[in-house]
Protein chains: 2
Amino acid sequence: MTIGELAKTSGVNAKLIRHYESIGLIPKAARTESGYRFYKESDAQFLRFIKRARSLGFSIKEIKTLIGLWRNKSRASKEVKALAKNHIKELEKKIKEMQEMVDNLQSLARSCHGDSRPECPIIKSLEE
Amino acid sequence: MTIGELAKTSGVNAKLIRHYESIGLIPKAARTESGYRFYKESDAQFLRFIKRARSLGFSIKEIKTLIGLWRNKSRASKEVKALAKNHIKELEKKIKEMQEMVDNLQSLARSCHGDSRPECPIIKSLEE
DNA sequence: TATTGACCTTCCAATAATGGGAAGGTGGAA
DNA sequence: TTCCACCTTCCCATTATTGGAAGGTCAATA
């Protein structure tokens, strides 16, 4: 499989596959005589694994750990669960921060007339 | 005021003040004969404005717009309100995405025994 | 006066993840 | 042979912030 075909079957675009290789997230691909990378089916599965983990918000660094856990068939499930729980905590922390921003802004926006007059509590709150 | 003093009174560190100058977010500072930047009180207020806006999650680009609105004493408050509303929408969109990640992970984590056995639905879900 | 330490300067680089483009080589089909 | 689609590497941009290196300046102290 060429890198373009792998991109199609894995859903990860070729540019990104090369990048993942360059940072050591995936192993260096085998090459044809002319230097083209070539892949096998299982490489697509690997990339899909990465893509799913990304869609759950795991960072590349966390995914490296996840890959290790994935490959280690005898590791305890509590190790994986701990990683997930920790990740959930981080996500929840960010969500909370953003929700606080929204709440603050909502209350400012509510108190702003939003008409053609220049008086604006939103701006005023930034001045203080 | 030197940049270090400004950093203290504004709460924005010196490195970042120079950066803000380099990207044109704040005007170029006046210089002493020896090349040191120097500032006045109102510069600290300006930086605090920026810092507050950042803490509400506005991007540097949005802040540039906000500064324009701030300076324009005759602009309509509805312009500011529109910017804020738009920003709220973006924040809420991100929050929703992250909340979906959390929900998915929570349900996976719940179904994972989290003991010493290797079977793990979290990993399994990434394999599919 | 010489030294010292705290502060200032600029420039370069790194972070995280992805995308875009340029310049050039390769493969296969018409 | 020519042509197009694909491949290669390398560099750059994004966003906001921080870090360091190498070197100049200021003020106080020995």
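All chains are named by letter (A, B, ...) in the order of the sequence lines, taking the proteins before the strands, and each is independently numbered beginning at 1.
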> Between D/dT18, C/dG19, C/dT18, which nucleotide gets closest to the side-chain atoms of B/Lys15?
Replying inline: D/dT18
> Is any side-chain N of the basic residue among B/Glu21 and B/Arg37 closer than 4.0 Å to the acidic one's carboxylate O?
Replying inline: yes
> For atom NZ of A/Lys89, is the number of surrounding heavy atoms from other residues, nucleotides or ligands below 6.0 Å larger than 12?
Replying inline: no
>> Students often mix this up, so state it plainly: with edges at 30° and 60°, are the rings of B/Phe49 and B/Trp70 parallel, tilted or perpendicular?
In response: parallel
>> If I take atom NE2 in residue B/His19 and atom P in nucleotide C/dT15, what distance separates them, rounded to the nearest angstrom?
In response: 17 Å
> Is any side-chain nitrogen or oxygen of B/Ser34 closer than 4.0 Å to OP1 or OP2 of D/dG24?
Replying inline: no
>> Does A/Phe38 reach a base, just sugar-phosphate, or nothing at all? Heavy atoms under 4.0 Å.
In response: nothing
> Honestly, is B/Arg18 close enough over B/Tyr36, meaning NZ or CZ under 6.0 Å from the six-membered ring centre and within 45° of the axis?
Replying inline: no
>> Tell me whether the side-chain N/O atoms of B/Tyr20 come closer than 4.0 Å to OP1 or OP2 in D/dA16.
In response: no
> Are any of B/Arg31's side-chain N or O atoms less than 4.0 Å away from OP1 or OP2 of C/dT10?
Replying inline: yes
> Are A/Tyr39 and A/Ile3 close enough that some pair of their side-chain heavy atoms sits under 4.5 Å apart?
Replying inline: yes
>> Could you tell me how far apart B/Tyr39 (OH) and C/dC8 (C1') are, to the nearest whole angstrom?
In response: 11 Å
> Rounded to whole angstroms, how far apart are CD1 on A/Ile63 and C1' on C/dT18?
Replying inline: 13 Å
> Would you say a side-chain N or O of B/Arg18 is under 4.0 Å from OP1 or OP2 of C/dT9?
Replying inline: yes
>> Just the rounded figure in Å: distance from C1' of D/dA16 to NZ of B/Lys64.
In response: 13 Å
> Whole-Å distance between C/dA17 P and A/Ile26 CD1?
Replying inline: 15 Å
> Contact class for A/Ser59 (heavy atom, under 4.0 Å): base, sugar-phosphate, or nothing?
Replying inline: sugar-phosphate
>> Quick check: on DNA chain C, is the nucleotide nearest A/Thr32 upstream (toward 5') of the one nearest B/Tyr36, or the reverse? Name the residue that is more 5'.
In response: B/Tyr36
> Has B/Arg37 got a side-chain N or O lying under 4.0 Å from the OP1 or OP2 atom of C/dC8?
Replying inline: no
> Taking CG from B/Leu16 and P from D/dT17, how many angstroms apart are they, rounded to a whole number?
Replying inline: 5 Å
> Side-chain N or O of B/Asn13 less than 4.0 angstrom from OP1 or OP2 on D/dT18?
Replying inline: yes
>> Check this one for me: any side-chain N or O of A/Arg54 less than 4.0 Å away from OP1 or OP2 of C/dT18?
In response: yes
> Looking just at side-chain N and O atoms, do A/Asp103 and A/Gln99 make a donor-acceptor pair shorter than 3.5 Å?
Replying inline: yes
> For A/Glu33 and C/dG25, what is the distance between atoms CD and P respectively, to the nearest whole Å?
Replying inline: 18 Å
> What is the distance, rounded to the nearest whole Å, between atom CD1 of B/Ile17 and atom P of D/dA16?
Replying inline: 17 Å
> With a 4.0 Å cut-off on heavy atoms, is A/Ile60 in touch with a base, just the backbone sugar-phosphate, or nothing at all?
Replying inline: sugar-phosphate
>> Under 4.0 Å, counting only non-hydrogen atoms across every strand here, what does B/Ile23 touch: a base, just sugar-phosphate, or nothing?
In response: nothing
>> Just N and O in the side chain of A/Thr2: are any of them under 4.0 Å from OP1 or OP2 of D/dC7?
In response: yes
